[in-house]
Amino acid sequence: MQYRRLGHSGLKVSAVSLGSWLTLGNTVDQATTQRLVAAARELGINLLDTADVYARGEGEAALGRAIAGLRREHLVLASKCHFPMSDDINDRGLSRKHVFESVHASLRRLGVDYLDLYQCHRLDPETPIEETALAMTDLIRQGKVLYWGVSQWPAFAIVQATAFCRAHALPPPISNQPLYNLFDRGLEAEIMPVAAQCGLGQIVFSPLAQGALTGKYASDRTPDPSSRAGNAKVNQFIGRYLTPERLAQAQRLVELAQRHGLRPAPVALAWCLRRPEVASVIVGATNEAQLRDNVGAADLTLPADLVADLEQAFPA
């Protein structure tokens with residue numbers, strides 16, 4: 001496993017990390033969760049990412065049960081808050097109240113005393129960024145959070161948060177968790193350079209476009225019921241990747257990978273990791289075989305001609 005520094009901090013995270021969106025506490029049972037986390041640690045993965053909203057807390061609870069008994073200091077636990085967790089008007093957003101109450105609930109579900117990384121899951125337009133930054137500072141000073149980050153924030157908000165923290169000698173955010181894959185390259189133009197200037201590393205989610213970039217789907221056949229696209233419980237986000245045009249691009253990726261004796265999933269992940277701004281790619285494996293295949297991306301350097309062919313097949 002390769003480890004990379006996360007933003008302008010001393011924290012080192014595995015280049016491939018294990019996520020829990022739509023999997024842990026949802027489509028993956030507890031026994032499989034235990035095996036996935038054990039395999040992740042065996043393979044050198046230290047970053048385990050979750051969020052309070054994943055399966056309404058069940059993602060964190062399942063992960064908490066899986067890490068019980070592991071060496072806490074060997075793990076980099078990351079969670080998030082922002083999305084509503086109930087119908088209560090204050091049980092959402094990034095207000096001081098919600099941030100404080102959310103982190104305590106996450107700690108209880110995970111069964112730990114602190115989080116290594118606490119992330120603002122989206123920007124909250126109704127809460128001043130300064131209020132959120134001060135709330136994160138208090139959590140850090142209390143030892144409940146070591147670092148904080150953001151997810152899917154626009155460039156102006158990253159700049160504003162960083163400038164405020166630097167001006168007042170507060171701990172600034174060190175990470176951004178954006179959507180990034182061969183299909184979704186929007187952050188390359190503005191977010192990546194701005195975040196790098198502000199000292200935020202990228203922990204990217206959906207680097208395999210929810211499995212579409214593995215070549216498992218085709219326009220001429222019905223998705224396997226065991227796959228994400230074939231599971232009505234979790235397939236509400238994958239449809240935009242299953243258009244004929246995008247499926248044809250995914251098949252092109254498969255062909256290019258095979259030409260170099262490689263598998264498509266590690267190639268798609270290594271394509272993301274080729275960017276120095278990217279500290280880690282989050283994979284949502286549902287079995288050990290997938291996880292082991294994905295981890296191969298950590299030490300994979302793509303040939304220049306393969307990168308060029310991918311750039312042509314997946315233009316920005």
Go through the side-chain N and O atoms of [X] and [Y] and say whether any donor and acceptor fall under 3.5 Å apart.
X	Y	answer
Gln119	Asp49	yes
Ser14	Gln2	no
Glu60	Thr50	no
Tyr118	Lys144	no
Gln202	Glu277	no

[X] vs [Y] side-chain heavy atoms within contact, under 4.5 Å:
X	Y	result
Val295	Leu269	no
Val194	Leu200	no
Asn46	Arg41	yes
Glu188	Arg275	yes
Ser280	Val16	no
His98	Asn90	no
Cys81	Val103	no
Leu115	Trp148	no

Practice prompt. Evaluate salt bridge (charged side-chain N to carboxylate O under 4.0 Å, His left out) for Arg72 paired with Asp116, printing each intermediate quantity in order.
Written response: CA-CA 10 Å; Arg72 174 64 184 87; Asp116 298 275; 2.8 Å; yes
What about [X] and [Y], same hydrophobic cluster or not, with Ile/Leu/Val/Met/Phe/Trp/Tyr joined at side-chain heavy-atom distances under 4.5 Å?
X	Y	result
Leu75	Ile174	yes
Leu170	Ile129	no
Leu146	Leu107	yes
Phe164	Met136	no

Practice prompt. Check whether NZ of the Lys or CZ of the Arg Arg185 lies under 6.0 Å from the centre of the six-membered ring of Tyr180 and within 45 degrees of that ring's axis.
Written response: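 Ring-cation test returns no.
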Worksheet item: Which is it for Thr132 and Asp124 under the side chain to side chain contact (heavy atoms under 4.5 Å, CB included) test, yes or no, and what are the steps along the way?
Response: CA-CA 9 Å; Thr132 302; Asp124 178 6; 5.8 Å; no
Discussion item. Using the salt bridge (Lys or Arg N to Asp or Glu O under 4.0 Å) criterion, which residues pair with Glu73? Sequence neighbours excluded.
Written reply: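 Expected list: Arg71.
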Item to complete: Mind checking salt bridge (Lys or Arg N to Asp or Glu O under 4.0 Å) for Arg274 and listing every partner two or more places apart, or none if nothing turns up?
Response: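 Salt bridge (Lys or Arg N to Asp or Glu O under 4.0 Å) check on Arg274 returns Glu311.
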Worksheet item: When the ring planes of His121 and Phe83 are compared, do they come out parallel, tilted or perpendicular, using 30° and 60° as the limits?
Response: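 Taking Phe83 first and then His121, their aromatic rings stand perpendicular (interplane angle over 60°).
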Worksheet item: CD of Gln142: more than 12 outside heavy atoms within 6.0 angstrom?
Response: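 Enclosed.
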Practice prompt. Return yes when atom CG of Asp87 has more than 12 non-hydrogen atoms of other residues, nucleotides or ligands closer than 6.0 Å, and no otherwise.
Written response: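 Atom CG in Asp87 is not crowded, with 12 or fewer foreign heavy atoms closer than 6.0 Å.
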Worksheet item: Run the side chain to side chain contact (heavy atoms under 4.5 Å, CB included) check on Tyr147 and Leu11 step by step: do they pass?
Response: CA-CA 9 Å; Tyr147 303 92; Leu11 183 64; 3.9 Å; yes
Worksheet item: Quick one: NE2 on His104 to CG on Leu139, what's the gap to the nearest 0.5 Å?
Response: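 Separation between the atoms: 7.0 Å.
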Worksheet item: In Å and rounded to the nearest 0.5 Å, what is the CG to CZ distance from Leu242 to Arg240?
Response: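 Those atoms lie 10.5 Å apart.
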Worksheet entry | Residues Ile282, Ile203; criterion side chain to side chain contact (heavy atoms under 4.5 Å, CB included); working and verdict | CA-CA 7 Å; Ile282 301 173; Ile203 303 172; 3.6 Å; yes
Which pair of heavy atoms, one from [X] and one from [Y], lies closest together, and at what distance?
X	Y	answer
Gln177	Lys80	OE1-CE, 3.1 Å
Ile191	Pro154	CD1-C, 3.9 Å
Leu273	Ala298	CD1-CA, 4.4 Å
Val76	Lys12	CG2-O, 4.1 Å
Phe183	Arg246	CZ-O, 3.4 Å
Tyr241	Asn181	OH-ND2, 3.5 Å

Worksheet item: With ILVMFWY side chains joined below 4.5 Å, transitively, what does Ile89's cluster contain besides itself?
Response: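 Joined to Ile89, directly or through intermediates: none.
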Worksheet entry | Qualifying residues under side chain to side chain contact (heavy atoms under 4.5 Å, CB included), relative to Arg96, sequence neighbours excluded |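 For Arg96, the residues satisfying side chain to side chain contact (heavy atoms under 4.5 Å, CB included) (neighbours in sequence not counted) are Phe100, Glu131, Leu134, Ala135, Asp138.
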Donor-acceptor pairs are to be reported for all side-chain atoms of residues 63-70 against protein atoms at under 3.5 Å, with residues two or more places apart or in another chain.
{"residue": "Arg65", "atom": "NE", "partner": "Gln30", "partner atom": "OE1", "Å": "3.1"}
{"residue": "Arg65", "atom": "NH2", "partner": "Gln30", "partner atom": "OE1", "Å": "3.1"}

N/O donor to acceptor pairs below 3.5 angstrom from side-chain atoms of residues 252-268, sequence neighbours left out:
{"residue": "Arg263", "atom": "NE", "partner": "Asp293", "partner atom": "OD1", "Å": "3.0"}
{"residue": "Arg263", "atom": "NE", "partner": "Asp293", "partner atom": "OD2", "Å": "3.2"}

